[in-house]
Amino acid sequence: MDALRGFSLLGILVVNIAFLASGYRMAGMAEPAFQSSLDWSVRWVVTLLVENKFYLLFSFLFGYSFTLQVDSAERQGRPFGPMFLRRLAGLFLIGLAHAVLLFPGDILTTYAAVGLALLVFRKIRPKTAVVLAVVLTAMLALGFVLLALLAMSGLDTAGTVADTAAEAARSDTALAASFWQIVAEHLRKLSLIILFRVFFQGPAVLAACLIGLAVGKLGVLRDISAHTGTLLTLQWAGFTIGLAGAFVYTVSAWQGTLHKFWGEAVDLVTAPLLAAAYAATFLRLLPYMPRAARVLAAPGRMALSNYLAQSLICSLIFTGYGLALVDRVSPLLEVLLAVGIFAVQVVYSRWWLKSHRYGPVEWLLRFLTYWRRPTPSRASEARHSPSAALPE
């Protein structure tokens, strides 16, 4: 699971870096300075294969980890509810700081809200969780169909983020300016996208978390070899239906608001299949690639720290916090930078975990969760009870 989480973290960075690097992308537009065939090819490939897939994988893992935390609390005889609520409060505060200071596209606050729903549904049967996830996804798709129909009728449904070139240029200017101007721009974007978060991203994340919850309750991932047939089915469905839906979404994503609504409706239904195909392929191949597993597991073990560090590094590159290269980096270079940043995080994570049990922000979140100092290092881990090493 740590390796799969690390794999997801790389995909999330490849998507997020484009939005961190450009006010135009945050406004739903292609950067006007990069219009070559190569630039568009990179945008299409990222949209087709990566966008809207890896945050679903991460959300699935959030739901799966929830079941591990419940089991851990039961084994240790701890009341789970109050502990988990403190954890969600800590996650929300960290996410809010992240959204205001670094990236208004933060997803941690969404996880904190969805975590409340998981707490309510923690006794739900796996089959019911899957049915609820399917219903949520279908309702979201119908919501985008309705928006498309409204757009066809002539109603102004331009979206929650301003999509004009003037607004995007204004955003660029603010992001390249002083600390307070950057924060003010982030707050402005948050005020614009909050409805999207509440009514669209939140339910999509919850649906993926419910699938993770069901898988965790069934114990499917404890013995991957026993479910090879299911993984193969997911691969076939994901790489046919999922890729077809991703193609429709990619074509529509750059064709204006009306087309994008139709594409979003299709993508909501098919992106989970492609994400599942990625996960199934990863899980089937991983036993044959132990070295790759070790490489990806380290950043996955401290995914929260690395997720925040990605935004910090990108902010230092693209905003007035550092080099202020907003809208000066091509799509291809953005992808190469993302891979480079992740490679550095692999090295750093492996070094850090040689002497620490948790990443820096994971340590902080555990402190907020349990209201006591976590075991600080691996050297002191052996002096603590075995329960300290139970999975969360």
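Remember, predicted model here, so these are calculated numbers, not experimental data.
Two different hydrophobic clusters hold I241 and L274 under the rule that ILVMFWY side chains link at heavy-atom gaps under 4.5 Å. Cluster annotation: V269 and W262 are assigned to distinct hydrophobic clusters (Ile/Leu/Val/Met/Phe/Trp/Tyr, side-chain heavy-atom contacts under 4.5 Å, transitive). By the criterion of side-chain heavy atoms lying less than 4.5 angstrom apart, applied directly or through intervening Ile, Leu, Val, Met, Phe, Trp or Tyr residues, V114 is grouped together with L365 in one hydrophobic cluster. V295 is connected to L4 through a chain of hydrophobic side-chain contacts under 4.5 Å among Ile, Leu, Val, Met, Phe, Trp and Tyr, so both are in one cluster. Cluster membership for I12 and M1, using ILVMFWY side-chain heavy atoms within less than 4.5 angstrom, is shared.
Annotation: side chain of D39 is not in contact with side chain of E31 (no heavy-atom distance under 4.5 Å). When side chains are defined from C-beta on, V70 does not count as touching F84, because their heavy atoms never get closer than 4.5 Å. Side-chain contact between L13 and C314 is present, with at least one heavy-atom pair separated by less than 4.5 Å. Considering only heavy atoms from C-beta on, L9 comes within 4.5 Å of Q310 through its side chain. Put simply, the side chain of E185 reaches to within 4.5 Å of the side chain of K189, judged on heavy atoms. At a threshold of 4.5 Å between non-hydrogen side-chain atoms, the residues E167 and M29 do not count as touching. The shortest distance between side-chain heavy atoms of Y278 and L49 falls below 4.5 Å. The shortest distance between side-chain heavy atoms of V130 and L210 does not fall below 4.5 Å.
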Exercise for review: Evaluate side chain to side chain contact (heavy atoms under 4.5 Å, CB included) for L142 paired with L146, printing each intermediate quantity in order.
Suggested key: CA-CA 6 Å; L142 288 174; L146 178 60; over 6 Å; no
Review point. F342 and N306: side chain to side chain contact (heavy atoms under 4.5 Å, CB included), yes or no, with the steps?
Key: CA-CA 9 Å; F342 186 76; N306 283 321; over 6 Å; no
Practice item. Check the pair L108, L308 against side chain to side chain contact (heavy atoms under 4.5 Å, CB included), reporting the backbone distance first and the verdict last. Key: CA-CA 10 Å; L108 300 179; L308 297 172; 3.9 Å; yes
Practice item. Go through the steps for L296 and F282 under the test side chain to side chain contact (heavy atoms under 4.5 Å, CB included), then give the verdict. Key: CA-CA 11 Å; L296 291 170; F282 186 88; 3.6 Å; yes
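With values rounded to the nearest 0.5 angstrom, I182 atom CD1 is found 12.0 Å from L187 atom CG. Distance check, rounded to the nearest 0.5 Å: CE of M26 to OG of S171 gives 7.5 Å.
More than 12 heavy atoms of other residues, nucleotides or ligands lie within 6.0 Å of CH2 in W40, so this atom counts as buried by the packing criterion.
Not less than 6.0 angstrom separates the ring centroid of F62 from the ring centroid of Y55. Between F144 and F200, the distance separating the two ring centers is shorter than 6.0 angstrom.
For the residue pair E51 / Y249, a side-chain donor-acceptor distance below 3.5 Å is found, with atom types taken as modelled. Under the 3.5 Å distance criterion, with hydrogens and angles disregarded, a donor-acceptor pair is assigned to the side chains of Y111 and S59.
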